[in-house]
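I have placed the structure first, in the form of structure tokens, so that the comments after it can refer back to it.
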Amino acid sequence: KKWASSLPRVPSTQLALKSMDMNYSLQFGDLWPSIRLALLCEQKYAALLNGFGDMEKVIQEFEERAQARDFVYEARSQWPEWTPHTDSQPRADQDSPAPGPSDPEPSEFSDDCTAEQSPSTPDMKQPIPISPNLKCFTFPRGDTTRFKPARPDGLRLLEYYLMDAASLLPVLTLDVRPGHTVLDLCAAPGGKSLALLQTECCRHLAINDISISRLNRLRKILHSYIPKNLRTEDRLRITSFDGRHWREIERNTFDRVLVDVPCTTDRHSVLEEDNNIFSRLRLKERQKLPLLQTQLLLSGILATKPGGSIVYSTCSLSQLQNEYVVERAVEVAETEHNVELHLVDLSAVRTLYRNTFHFYRHCRVGELVLPHLTANYGPMYFCKLERIH
Amino acid sequence: TLRQTAAKHFGKSAMDASGLESVIESILKLGLNQAQLKQLLTLNPKIAVQPPQRSLAALNALNLLGLNPSNIIKILEKCPDLLGAKAHQLQPLIENLQKYGLGEGSLQRVLVHSPQILNLSAKQVNNTVRFFKDKCVFTAAQITEILRTSPNVLFEKFEELEYKFQYAYFRMGIKQSEIAKSALFRVSLEELKQRHIFLERLGLYQTPDKKGQTQIVNPKLKDVISTSEDHFLAKVARSTHEEFDIFKKLLSCEEIEKEELESSEWGD
Ligand SMILES: C[S@@+](CC[C@H](N)C(=O)[O-])C[C@H]1O[C@@H](n2cnc3c(N)ncnc32)[C@H](O)[C@@H]1O
């Protein structure tokens with residue numbers, strides 16, 4: 001103990017920054033300073049509406065008093081051919097002329113890579129498959145207004161959940177359809193589980209996390225947002241297993257699996273001393289993250305039904321925890337488990353939400369939201385796999 | 001006609017005709033023309049009624065410093081009361097400024113830029129100089145440099161000067177010699193913080209460690225604060241106005257929240 005306290009105490013946040021300066025200036029080159037600046041400034045929040053509460057009132061308030069807009073709906077309404085699966089919403093293009101596919105791309109959100117040809121406008125006949133029923137309000141680009149904390153409504157449910165808007169992208173990308181059975185393998189504290197329930201498509205949602213204390217936070221959140229009759233055992237199961245061993249419980253079971261793994265949580269790590277993964281005492285744990293992530297993703301892949309799909313996500317910028325993990329897991333799944341996977345091209349998702357997020361354009365697989373002061377969300381990496389057989 | 005202008009202001013009886021005559025003559029001798037003379041009278045009509053030596057003290061002193069008529073007018077436009085100052089107030093002050101190293105050229109520049117200095121007392125100047133020497137440990141030459149480039153320091157509260165100095169010295173790790181060269185005291189603390197913290201978060205500025213070392217080469221303080229925003233963003237920060245504007249908004253919220261937190265902690 002003595003020798004430890006005599007070491008100069010460098011804050012973990014400093015260690016985190018130092019390590020990121022080293023790795024990310026190589027990975028992102030000239031983009032890094034601007035990402036770094038955004039990581040160290042106040043993050044932007046979005047309000048995920050609670051579809052089980054009194055939404056009309058909240059929507060009206062947002063639209064009248066604040067300049068906030070539902071970015072999910074707005075993006076979607078730009079695609080005139082979009083046919084909602086279960087959405088009862090009136091189509092936006094009926095009264096307002098939405099920008100058509102031939103409109104020039106708004107280039108405002110492009111970074112240094114404007115010159116590169118932008119992702120082609122998605123095929124109109126094949127609408128981008130995203131999970132329905134999600135409504136999430138954000139303030140426009142550059143607007144630094146904050147949302148007020150949510151209040152309970154008449155039904156005693158909270159009106160909205162404040163979250164990083166980019167955290168919704170993995171859930172939107174998962175494309176949950178009515179009747180699906182869904183697994184959220186690393187679910188606590190529960191922001192994405194809540195969003196999954198908000199799609200109102202899960203016939204059954206299996207929520208798992210290794211940490212009991214974090215699961216308790218998740219339970220509280222579900223209590224505050226989801227009516228009791230929808231939290232019954234046949235619809236919702238909460239477990240606390242080591243996700244790496246899921247195959248010992250269930251294989252080939254779920255239509256959709258979300259694998260939102262533990263990672264270096266870059267934004268948290270440069271700002272908060274508490275529970276910081278860059279602390280010297282956690283070096284080993286940090287070095288083992290890519291391995292743990294690969295094992296968890298593999299486990300998620302094996303839990304998926306043939307024909308089902310998986311979304312892998314992290315809130316780290318690190319290629320080692322993102323693309324490399326996906327590539328490695330796909331390889332192991334094929335060679336060791338004879339599972340064939342298809343990597344889904346998500347450039348359409350990037351195009352769809354380009355007005356809300358600052359996307360990185362050079363991921364080998366998957367998509368990455370870069371923090372940027374004009375839209376200070378993320379980092380959020382997400383990648384989608386389809387299981388062929 | 002000049003006499004008529006003056007008479008309009010004070011009435012014939014109050015005027016000392018022969019006195020005014022001699023003032024006018026002296027003013028013209030200093031090289032001012034009729035129009036400039038008239039300007040002086042409108043700037044401070046008391047010229048017509050007060051004893052000639054009072055009207056002439058400042059003019060003579062400025063003339064002796066080698067200022068040309070148009071600069072003299074510029075100075076008096078900003079400080080018309082100088083036309084009533086007494087010679088024994090001005091002379092020691094000017095000598096004092098000269099003593100601190102403001103020679104011919106630089107004293108002229110400083111006066112044209114901030115003539116209000118002539119309203120100060122010699123003691124006020126001494127106090128400022130002593131403050132820089134004792135509280136910030138600047139050398140005499142550095143203090144001269146500061147007075148020359150940032151004469152506004154003579155009017156500012158020591159508290160604020162000290163805070164600005166400490167920010168640059170401790171928070172940014174800059175030595176006195178560089179501070180003196182950079183016109184630090186001409187920018188507001190807010191502006192200084194905005195540019196410094198912006199660079200710091202971009203990863204382009206690092207406070208030196210105890211040995212004075214950094215992992216990156218910091219930009220010169222001069223280039224950080226004494227440049228236009230365009231130049232600062234394009235050449236030093238390599239960023240955009242959009243980002244800097246949002247950053248300034250966020251930083252001011254952060255500062256307010258920090259203050260609130262601190263005051264609530266002291267409160268109980
Ligand atoms: C990034 S967080 C998940 C955040 C969550 N999906 C949300 O949106 O609120 C990662 C989670 O993985 C959990 N975890 C870590 N190792 C695990 C393992 N071996 N099996 C299952 N969960 C694990 C951690 O307890 C942590 O709650």
Side-chain angles (χ1 to χ4, degrees), chain A residues 8-11 13-45 106-112 114 138-147 266-267 269-271 317 358 370-377, chain B residues 170-173 190-219 223-224 229-261 265:
Chain A
R9 217 188 71 87
V10 183
T13 48
Q14 284 312 104
L15 296 174
L17 259 181
K18 217 169 162 183
S19 151
M20 291 183 204
D21 275 335
M22 224 157 62
N23 295 314
Y24 295 159
S25 58
L26 287 179
Q27 196 182 321
F28 296 102
D30 290 346
L31 290 177
W32 170 236
S34 156
I35 302 172
R36 188 185 197 275
L37 170 71
L39 280 179
L40 291 167
C41 290
E42 186 180 308
Q43 173 184 22
K44 238 178 135 164
Y45 278 91
S107 58
E108 58 208 37
F109 246 44
S110 44
D111 32 51
D112 62 331
T114 350
T138 53
F139 284 103
R141 164 188 161 83
D143 188 331
T144 56
T145 320
R146 299 170 186 164
F147 288 100
D266 294 355
R267 194 185 278 275
S269 296
V270 298
L271 291 179
L317 294 158
H358 199 89
L370 297 178
H372 191 269
L373 276 192
T374 53
N376 204 353
Y377 304 111
Chain B
F170 293 109
R171 179 72 172 79
M172 299 178 71
E190 189 189 17
E191 233 175 311
L192 173 66
K193 277 188 177 175
Q194 284 170 346
R195 291 197 181 187
H196 164 241
I197 299 177
F198 191 61
L199 291 176
E200 188 173 61
R201 293 194 190 169
L202 284 165
L204 304 176
Y205 194 100
Q206 245 176 38
T207 307
D209 61 17
K210 284 190 201 92
K211 291 182 210 129
Q213 287 169 336
T214 53
Q215 258 105 36
I216 54 168
V217 182
N218 282 338
D223 295 324
V224 175
E229 192 164 296
D230 282 335
H231 184 274
F232 168 72
L233 288 174
K235 292 283 148 57
V236 186
R238 274 166 266 137
S239 177
T240 61
H241 282 283
E242 197 182 25
E243 280 180 294
F244 194 40
D245 287 345
I246 296 173
F247 173 76
K248 286 191 262 188
K249 267 196 275 178
L250 293 174
L251 185 67
S252 90
C253 289
E254 277 178 36
E255 301 268 306
I256 292 169
E257 270 159 25
K258 213 164 65 189
E259 266 168 39
E260 280 171 359
L261 198 70
E265 272 165 7

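The analysis underlying the following values was restricted to heavy atoms, covering all of them including side chains, and did not include hydrogens, waters or symmetry mates. Sequence lines set the chain letters: A, B, ... in the order given, protein chains first and strands last, and positions in each chain run from 1.
Top candidate by heavy-atom pairs under 4.5 Å with chain A, chosen from B/Lys249, B/Glu254, B/Arg201, is B/Arg201. The candidate from B/Asp245, B/Leu250, B/Leu251, B/Leu202 with the greatest count of non-hydrogen atom pairs under 4.5 Å with chain A is B/Leu202.
Looking at B/Glu242, the atoms closer than 4.5 Å to chain A (heavy atoms on both sides) all sit in the side chain, from C-beta outward. B/Glu200 touches chain A through its backbone: at least one of N, CA, C or O sits under 4.5 Å from a heavy atom, while the side chain does not. For B/Gln206, no part sits under 4.5 Å from any heavy atom of chain A, backbone or side chain.
No hydrogens or angles considered: nothing links the side chains of A/Arg141 and A/Asn376 as a donor-acceptor pair under 3.5 Å.
Note that OG1 of B/Thr207 and CG of B/Asn218 are 7.5 Å apart. Values are rounded to the nearest 0.5 Å. Here the straight-line distance linking atom OG of A/Ser25 with atom CD1 of A/Ile35 works out to 10.5 Å at 0.5 Å rounding.
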Can you list the steps and then say if A/Phe147 with A/Tyr45 is a ring-ring contact (aromatic ring centres under 6.0 Å, His included)? CA-CA 7 Å; A/Phe147 288 100; A/Tyr45 278 91; 8.9 Å; no
Stepwise side chain to side chain contact (heavy atoms under 4.5 Å, CB included) test for B/Lys248 and B/Glu190: CA-CA 10 Å; B/Lys248 286 191 262 188; B/Glu190 189 189 17; over 6 Å; no
Verdict with supporting geometry, A/Arg36 and A/Asp21, salt bridge (Lys or Arg N to Asp or Glu O under 4.0 Å): CA-CA 8 Å; A/Arg36 188 185 197 275; A/Asp21 275 335; 2.8 Å; yes
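Remark: the backbone N or O of A/Leu15 is not paired with any side-chain donor or acceptor of A/Ser19 at under 3.5 angstrom.
Between B/Phe244 and B/Phe247, the ring-plane angle classifies as parallel under the 30° and 60° cut-offs.
The contact list for residues 229-239 of chain B toward chain A, using heavy atoms and a distance under 4.5 Å, is empty.
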